[in-house]
2 protein chains.
Amino acid sequence: MPKSTFFNLSEEKKKRIFDAAVQEFSTRRFSEASISQIVKNAGIPKGSFYQYFADKEDIYLYMVEKVSQDIHEIIGAFNPDASFFENIMQRAEGTIKVGKMRPEYTKIGALTVIDNSEFILQLLRASNKKYIEIIERDKQRGLIKMEIDSEVVIKLIYIFVFNEYLYSGFDETRYLKKVESAVQIIKEGIAIHQD
Amino acid sequence: MPKSTFFNLSEEKKKRIFDAAVQEFSTRRFSEASISQIVKNAGIPKGSFYQYFADKEDIYLYMVEKVSQDIHEIIGAFNPDASFFENIMQRAEGTIKVGKMRPEYTKIGALTVIDNSEFILQLLRASNKKYIEIIERDKQRGLIKMEIDSEVVIKLIYIFVFNEYLYSGFDETRYLKKVESAVQIIKEGIAIHQD
DNA sequence: TTATAATATGACGGGGTGGTCACACGCAGT
DNA sequence: ACTGCGTGTGACCACCCCGTCATATTATAA
């Protein structure tokens, strides 16, 4: 958590720092991102940074939290009763939507998922937990085969959704098509068919 | 390609340099790997490195080529008539086998797949081409649904196989189980069932 | 107004990296 | 034995990074 000195700052300055963090973390992976760059982009002295934040992890977590809030606002609340498939498609569409409104945010996601520092791995594990629960519930509901490994499912999709974003670049239609294909394949692979 | 001076070196020295490269590239991503480290590990002077190689890409490509040869020897020639599924399972088992005999090699693969420098992206595209052809052929054979996007299939698996290796770490049984689950899901998702 | 506490600042030390270059070495041919 | 050329060598330059710290500045309280 940022130090109290940071929260005492003017909204304008806080925003400048947040924007600088977004700028840096949407360009380079967490492990490659540089505090010096953030400081430069934000137009604050090096010393001040350490007055506000403990280290890179600190500002990263702060940024991620704010970004998550923004994203939730864009995507809208998700329906807890919806099936896993509906959830995933919503998430995929959400990624597109966010990609349109805040391309930097999707880039942050893409770069996060291909970082393998211990810090980031923990973050991802936590963020996947929610989806794993939905899959488990859908198994009980008879929508998904019992023998399916939920962790594998979510990881397959998760990695693909972001990784593909890096490949597709700006080509949104292509991206959407690829993600839909992937989700379709996995859906076909794990669903219980009721013909 | 390394310069002629490199190939004139004694086998022992060439091996020392190769080993140093493997050591470095199995620890850090291509974009993070350091020539200084390779030089230190190999016990050769900085100047000599540039006498042998043009830059990091140069030694990387040289290393990848040698590693590929080694891997092919371990896995054995692949049967061109085998179905895509058989190929993929062979590849998965191959990854395990290589992981046992040359854990560094599998780490290189894992780190490669999560690098996103343009240089590495090109390398991956080239390496996936072969599998895409097999999928296309199996579509004609009536084994795989025509509407499936081959690129998506191979990317799903490719990314997962290596990414999971990073997560599972040394736990081979876990890794094997996860990969099998993933392949099973995708197989179920793209195959034409002939009941 | 003055004293005290909080915050701002940027130069600096210590560390790492890539690539070069002047010089040392040793071997081949005369 | 001497010359010349390919090769070996590591100090060096320019660049980047992190985190600190002594000092300057501002805000607050007395």
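What you see is a predicted model, and the numbers here were worked out from it, not measured in a lab. Below, each value reflects all heavy atoms present in this structure, side chains not excepted, and no hydrogens, waters or symmetry copies. All chains are named by letter (A, B, ...) in the order of the sequence lines, taking the proteins before the strands, and each is independently numbered beginning at 1.
Shown here are the ring pair (Phe, Tyr, Trp, His ring centres under 6.0 Å) partners of Phe25(B), two or more places apart in sequence or in another chain: Tyr60(B). Applying the ring pair (Phe, Tyr, Trp, His ring centres under 6.0 Å) criterion to Tyr131(B), with sequence neighbours excluded, gives no partner residue. Under the side chain to side chain donor-acceptor pair (under 3.5 Å) criterion, Asp149(B) pairs with Lys178(A), not counting sequence neighbours. Remark: Tyr62(A) pairs with Phe6(A) by the ring pair (Phe, Tyr, Trp, His ring centres under 6.0 Å) rule, at least two apart or across chains.
Whole-Å rounding puts the Phe30(A) CZ to dC17(D) P distance at 15 Å.
A sub-4.0 Å separation between OP1 or OP2 of dC16(D) and a side-chain N or O of Ser36(A) is absent. Between Gln37(A) and the phosphate of dC16(D), there is no side-chain N or O to OP1/OP2 separation shorter than 4.0 Å.
The stretch residues 91-117 of chain A participates, sequence neighbours left out, in no ring-ring contact (aromatic ring centres under 6.0 Å, His included) pair at all. Residue pairs meeting the side chain to side chain donor-acceptor pair (under 3.5 Å) criterion with at least one partner in residues 156-169 of chain B, sequence neighbours excluded, are Lys155(A)-Glu164(B), Glu164(B)-Ser168(B), Glu164(B)-Arg174(B), Ser168(B)-Arg174(B). Residue pairs that meet the side chain to side chain donor-acceptor pair (under 3.5 Å) test with at least one member in residues 118-128 of chain B, sequence neighbours left out, are Glu118(B)-Arg125(B). Residue pairs that meet the side chain to side chain donor-acceptor pair (under 3.5 Å) test with at least one member in residues 7-23 of chain B, sequence neighbours left out, are Glu11(B)-Lys14(B), Glu12(B)-Arg16(B), Lys15(B)-Asp19(B).
In terms of modelled atom types and a separation under 3.5 Å, the side chain of Thr95(B) and the main chain of Arg91(B) share a donor-acceptor contact.
Grouping Ile, Leu, Val, Met, Phe, Trp and Tyr by side-chain contacts under 4.5 Å, direct or through others, puts Ile159(A) with Ile159(B).
Where DNA chain C meets chain B (any atom under 4.0 Å from a heavy atom), the bounding nucleotides read 5' to 3' are dT17(C) to dT20(C).
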Filtered N/O pairs between nucleotides 24-26 of chain D and protein, under 3.5 Å:
none

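Listed in residue order, the members of residues 40-64 of chain B having a heavy atom less than 4.0 Å from DNA chain C are Lys46(B), Tyr50(B).
In this structure, Leu9(A) reaches the sugar-phosphate backbone alone: every heavy-atom distance under 4.0 Å involves primed, P, OP1 or OP2 atoms, never a base.
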